[in-house]
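Remarks on the structure that follows.
Just the heavy atoms: all of them, side chains too, but no hydrogens, waters or symmetry mates, feed the values below.
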There are 2 protein chains.
Amino acid sequence: MTDQAFEPHDHGACISDGVAAVERICVERGLQLTKARARVLEILLSEHRAMGAYEILDVLRADGLASQPPVAYRALEFLTKNGFAHRIERLNAFIACSHLDGAHAPVFLICRVCNSVAEAQPDPARSEVDRVARSAGFAVERVVREAEGVCPNCARAA
Amino acid sequence: MTDQAFEPHDHGACISDGVAAVERICVERGLQLTKARARVLEILLSEHRAMGAYEILDVLRADGLASQPPVAYRALEFLTKNGFAHRIERLNAFIACSHLDGAHAPVFLICRVCNSVAEAQPDPARSEVDRVARSAGFAVERVVREAEGVCPNCARAA
DNA sequence: CGTGCTCCTGTGATTAGATAACATATCGTT
DNA sequence: AACGATATGTTATCTAATCACAGGAGCACG
């Protein structure tokens with residue numbers, strides 16, 4: 001398991017690699033990574049934390065782009081629907097996906113001190129949510145798994 | 001595991017037993033189950049689904065009680081802080097706790113067809129979220145686990 | 001007895017998050 | 001050129017949540 005958000009890394013590459021990877025996938029799947037969508041993805045990739053739609057909108061506005069709420073929400077819908085970004089329900093906010101390879105049911109670790117969010121890839125076979133749902137005869141379509149707490153860096157600092 | 005929400009049961013008892021149990025716990029712990037708080041609990045217990053704060057507020061208003069948003073939010077804060085109700089992040093809504101006994105890290109099963117929400121009690125030892133967090137050195141304070149899908153009753157009906 | 005403290009309530013205003021509805025544009029296809 | 005599908009721009013609206021401040025009930029302590 002990797003937790004990019006909690007470990008030092010080349011963040012410039014983080015952004016450019018992320019955009020490049022999404023571009024490639026869009027070509028493969030015939031998806032249009034338009035200007036607005038690409039810009040929102042970049043904005044999300046520029047931070048390892050979740051950003052609210054209106055916060056993203058502020059950045060777009062500063063760029064001189066259209067800045068009405070639907071602009072951000074449409075881009076975010078595109079990104080989340082295609083797995084390029086995720087919605088963090090606990091925060092009503094969004095974050096770029098950091099595991100573009102393959103289907104996943106991620107677990108998010110949200111640090112309440114530094115606001116960073118790490119996306120972890122747990123073993124799907126061990127999902128307790130799935131196990132519980134199965135035993136209740138419940139057909140799962142989407143799973144939300146988010147933990148809020150203190151990341152190792154902030155714990156060390158305290 | 002029990003899934004009251006998905007199974008036939010005496011719902012009148014569901015409400016009265018729920019209120020009685022919370023009353024008892026409040027006495028034990030020296031908590032004040034005031035009029036507003038008790039009423040909101042009742043409202044939540046009256047349905048096996050999550051209700052939005054403003055929806056609760058509408059009921060309070062119909063009762064002739066104070067009906068400004070903070071009234072509902074304060075009662076909900078009391079109820080959730082003490083484990084008498086839970087917030088469903090996915091829905092920005094609230095539901096009465098159906099497992100008052102003991103500390104828990106519940107899993108919620110949200111039916112998108114009939115809107116019912118079941119609270120399941122998984123085996124804590126198997127929590128994949130905890131496992132992942134531990135391996136990242138992340139100190140978990142709160143966990144959100146919610147599955148959205150179709151409940152057995154609605155699946156049968158379709 | 002009354003002062004101060006803590007906790008709870010009431011209300012108006014504001015901020016944040018999300019969507020509806022409708023008009024316009026762009027691009028590839030036929 | 002006409003069409004359909006997809007994406008954009010904008011206004012308005014709705015839902016969710018919080019702030020800020022004033023007032024009240026109950027209790028403890030001097």
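At whole-Å resolution of the value, CG in A:Leu33 and C1' in C:dC27 are 17 Å apart. Rounded to whole angstrom, the span from the NZ atom of B:Lys35 across to the P atom of C:dG10 amounts to 11 Å. Counting to the nearest Å, the P atom of C:dG17 and the CG atom of A:Asp58 are 10 Å from each other.
Across the interface with DNA chain C, nearest-nucleotide mapping of B:Arg37 and B:Gln68 shows B:Arg37 to be the residue nearer the 5′ end.
The shortest distance between the side-chain N/O atoms of B:Arg87 and the OP1/OP2 oxygens of D:dA16 is not below 4.0 Å. Residue A:Arg74 has no polar side-chain atom (N or O) positioned under 4.0 Å from OP1 or OP2 of D:dT8. OP1 or OP2 of D:dA17 lies within a sub-4.0 Å distance of a side-chain N or O belonging to B:Tyr73. One finds no side-chain N or O of B:Gln32 lying less than 4.0 angstrom from the OP1 or OP2 phosphate oxygen of C:dC7.
Linking Ile, Leu, Val, Met, Phe, Trp and Tyr whenever their side-chain heavy atoms come within less than 4.5 Å puts A:Val59 and A:Val22 in one cluster.
Distance from the side chain of A:Ala36 is smallest for D:dT8 among the nucleotides D:dT8, C:dT9, C:dA18. Relative to the side chain of A:Ala66, the nucleotides D:dG9, D:dT8, C:dG17 differ in distance, and D:dG9 lies closest.
Taking CD1 of A:Ile56 as the start and OH of A:Tyr73 as the end, the distance is 9.0 Å to the nearest 0.5 Å.
Results of the side chain to side chain donor-acceptor pair (under 3.5 Å) test with A:Ser98 over A:His48, A:Glu119, A:His86 single out A:Glu119 as the only residue that passes.
Panel note: side chain B:Asn82, backbone B:Phe84; no donor-acceptor pair is recorded below 3.5 Å.
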